[in-house]
Structures are given as C-alpha cells and as structure tokens.
There are 2 protein chains.
Amino acid sequence: MAYRSTERVKARLSASRERIIVAALGIMAEHGYAGCSVAAVAERAGVATGSVYRHFPTKADLFAEVFRTASQREVDAVARAAALETSAAEQMAAVVETFSGRALQSPRLAYALLAEPVDPAVDAERLVFRRAYAELIAGYVAAGVASGELPPQDPELTATALVGALAEAMVGPLAAGVAGPETIPALIAFIHRALGVSP
Amino acid sequence: MAYRSTERVKARLSASRERIIVAALGIMAEHGYAGCSVAAVAERAGVATGSVYRHFPTKADLFAEVFRTASQREVDAVARAAALETSAAEQMAAVVETFSGRALQSPRLAYALLAEPVDPAVDAERLVFRRAYAELIAGYVAAGVASGELPPQDPELTATALVGALAEAMVGPLAAGVAGPETIPALIAFIHRALGVSP
DNA sequence: GCAAGGATTGAACCATCATTCAATCCTTGG
DNA sequence: CCAAGGATTGAATGATGGTTCAATCCTTGC
C-alpha cells in the first residue's frame, strides 16, 4: 500500500471541483446555458473533458449544483437586503429592487437561471430556486398579516404568485437588455397593491 | 405534362398536414413534449417519418405551429369567457377560472405549453402565447382604469405581472395533479387586490 | 529510487434523433 | 393503358455532444 490520498491531494481535488463550477457559471453568465458544453467548461476550468466526470456523475448533476449555487447566492442577497427593513411593504420593496437590480446587472445569467431552456433535470432545480424565493416572501407576508399591516391572505399563495409576477415582469427587460427606469417603481406599486398594503 | 396536382390531392395533403398537427398535439397532451419524436408523431398520424418534412421544414417549425394552434385555442376560450362579463373585476375572475379550469382539465398539455423544457425555437412561441394573454388582460385593465373602477396603473405591466402570477400559481398544482378547491378563489382574491379592485 | 495505485488526459465511442433520399407507389391527362 | 412526375416510404445518414477508457502521469510511503 504505497499510495493513499493525502490532504494536499484532497485540497487539489476540491479546488478542481470548484474551478469547474466557477467555469460553468462563467460560461453561463457569458453565453448562457446553450454555450455550456462539457468540453467548454472543462477547457475553461483548465482540466480535460473526462476529468469533469471525476467530480460529477453527469452533466445534469454538475449543472444542478451550478444552479443551486447561483440561486442560493441570489436568494441570500435578496434576503440580506430585505432583512434591513422592518415593514412588509419595505421588505418587499427591497426584494424587488435587489432582485431586479442584480438581474439587470447580469442579464445573461439571470435569463439562464430564470427562463432559458435547459435540460429537464436542471429545470427541476429551478423549482427549488423559485420555491426558495417564495418561502422567503411568504415569511414576510405572514409576519405582515400577523401584525395587521396586511389583510388576511394565504401567504404561500401570495408569495408564489408574486414570484411569478416578478419573474415574468423581468423576462421582457432581460431580453431587451434594459428596463425603463419607471419599471421597478411600477412593479413595487403593483406588488404593494397585491399585498394589500394600505396607501 | 401528364400530372398536375388537383383539388382532391390538395385536400388530401392538407388533411395529412392537419393529422400531423393533431397527432403532435395528442402526444403532447399524453406524454408531454418529451414524448414528441418526429417518428412518434408520424406513426400516430399514420404517415411515414419522412412525410412530415413534406409539410414542415423542421421539427421546430411543426411544433411552433402546434404551440400556436393550442395557445390560440386557450386564449380564445379565456377571451370568450371574459367577454361575458362587464366589470374588470368579473372579467379577471372569468380569466382565472377559465384558465385554471382548462389547465387542470389537461394538466400534461398545460404543463407543456407553460413550462416544460422545449427546443429554444419552440420556446420563442411561448412568449407569443404569454403576450397574447397579457394583451387580453391589459385591455380589461385599461378599460377598468378608464372607467374609474381601477386605480391608475400601467396596464401593460399589471397584465404582464398577472400572467406571471397566474402561470406560477398553476405550475405547482399541475405538477401535483390537482389544485385544492380553495386555490382558485384565493388566486382571484389576490388578483383583485393586485388590480386595486375596491372591496 | 521504486512499486502501487490513484488522478488525469483526450481521443474514441455511442446513443439519440432530426433529417435526407433512392426506391416505390399513385395520380393525372391523353 | 401509358408515360410523366409528384407523393410517400422508411431505412440510411449525419450531427451533436455527453460519456467512457486505455494509456499516461503523479503522488505516496518505504
């Protein structure tokens, strides 16, 4: 027994794995999911095609993880921004501003995460992403209802519908490349009405 | 010149074409877009694989037309139901009821039309579908704003966001197979709030 | 330095379908 | 009935791109 994987090797392995994920994310942000062949990801990561399969059993598994990582980052950013606010109305305004601001900052990535046609197995990960947003929003809605700031409603349904509204309202601007400056305030107004925020 | 296509032949051709579209729709409704190989469509239509290409230059063109046909049917049904109502509030309630009712009636088809991963060229057709709904709704919203039933708002944005909300709220139930009986009334309540319908 | 065995390579492999096309069948006008 | 030529067939073709694997390289402990 002359070889057993040691810390140094393990570190290199996990660095490779990380580079592959970062490379995949980078290509997604630049060329969308469509540009993400395994060969392209491998080349950008500086490894051979076959090495990708040391770390991920299939391409779908790799991209499930990529989606998970990227999505988590988005949800975290939105949650962080919303947590600075106190009322449900302000929290939701922060959600919209952060979500749209980040999406417009990286439109290609946002489009890939939200709407680009992808492998069905990866698409499933999108549901998780959207549900994470919905959970976040549902929390704010429930608190708002409990405190009397918002009228009685099913927080889950409201949150799900709002996620859909937000995503749909962004797809147009993302395709166009920019959103008119009035889009985001108008969207916030819409969402405030939908929540039943009293004017 | 001993052969020139005659009426009878033209009729047979267009019947074939129609059968192909119907077959494609049927398979979509039963097995989703994923089950729609050209060979499967051809077999169901009772023609050879190659004959499909007498009528459509590519598979994407075939399915663009299939999506267009199916979508138009949906939009028409919704428009017909909404046209029976007079206030924006009632019109939107009719939109939601018709849309969700039909979706839950043919969940597989609804999922394919709304959210299933498809060829990018076909996906583009979905945008048209969603925009058609948005236009329809925008008309009702604009009328409601003009009559003073609804508060001032950008009808296009409201309509787009509502389409997103509606679609998103249906994806869960479509995946689960059924919607709880309270889902639709709750969705109507949400949409009424979002429109600013006074209670 | 060396043998053991894991890590890495990248060209070959292969599965999946969309698409094509040579052969065949049918329809038409004479 | 015939010849012309379009319609139809379905097996072969081909493109794509994920996946594999024999060969090679590296690392480890002695």
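As the structure is a prediction and not an experimental result, all values here were calculated from the model. In what follows, chains are A, B, ... by sequence order, proteins preceding strands, each numbered from 1.
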Expressed as a whole number of angstroms, how long is the span from [X]:[atom1] to [N]:[atom2]?
| X | N | atom1 | atom2 | result |
| --- | --- | --- | --- | --- |
| A/I20 | C/dA7 | CD1 | C1' | 12 Å |
| B/L62 | C/dC17 | CG | C1' | 15 Å |
| B/H55 | C/dT19 | NE2 | C1' | 16 Å |
| B/D119 | C/dT19 | CG | C1' | 14 Å |
| B/Y53 | D/dG10 | OH | C1' | 13 Å |
| A/K59 | D/dT16 | NZ | P | 14 Å |
| B/F56 | C/dT19 | CZ | P | 13 Å |
| A/D61 | D/dT19 | CG | C1' | 13 Å |

From the options [options], select the nucleotide whose nearest atom is closest to the side chain of [X].
| X | options | result |
| --- | --- | --- |
| B/R12 | D/dA7, C/dA7, D/dG18 | D/dA7 |
| B/A48 | D/dT8, C/dT19, D/dT9 | D/dT9 |
| B/L13 | D/dA7, C/dA18, D/dG18 | D/dA7 |

Sorted by number, the residues of residues 31-44 of chain A with heavy-atom contact under 4.0 Å to DNA chain D: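 Close to the strand are A/S37, A/V38.
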Lys/Arg N to Asp/Glu carboxylate O, B/E65 vs B/R17, below 4.0 Å: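 Looking at B/R17 together with B/E65, the answer is yes, because their closest N to O distance falls below 4.0 Å.
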NZ/NE/NH1/NH2 to OD/OE distance under 4.0 Å, B/R73 and B/D76: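 Judged by the 4.0 Å cut-off on N to carboxylate O distance, B/R73 and B/D76 do not form a salt bridge.
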If you draw a 6.0 Å radius around [atom1] in [X], do more than 12 non-hydrogen atoms from other residues or ligands fall strictly inside?
| X | atom1 | value |
| --- | --- | --- |
| B/R68 | CZ | yes |
| B/R102 | CZ | yes |
| A/E30 | CD | yes |

Candidates A/L62, A/V38, A/D61 - the one meeting side-chain contact (heavy atoms from CB on, under 4.5 Å) with A/Y53: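 Going through the options one by one, the only one that passes is A/V38.
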Any A/T49 side-chain N or O less than 4.0 Å from OP1/OP2 of C/dG10: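 Negative; the distance criterion is not met.
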Distance flag, aromatic centroids of A/F67 and A/F63, threshold under 6.0 Å: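 Ring centres of A/F67 and A/F63 not closer than 6.0 Å.
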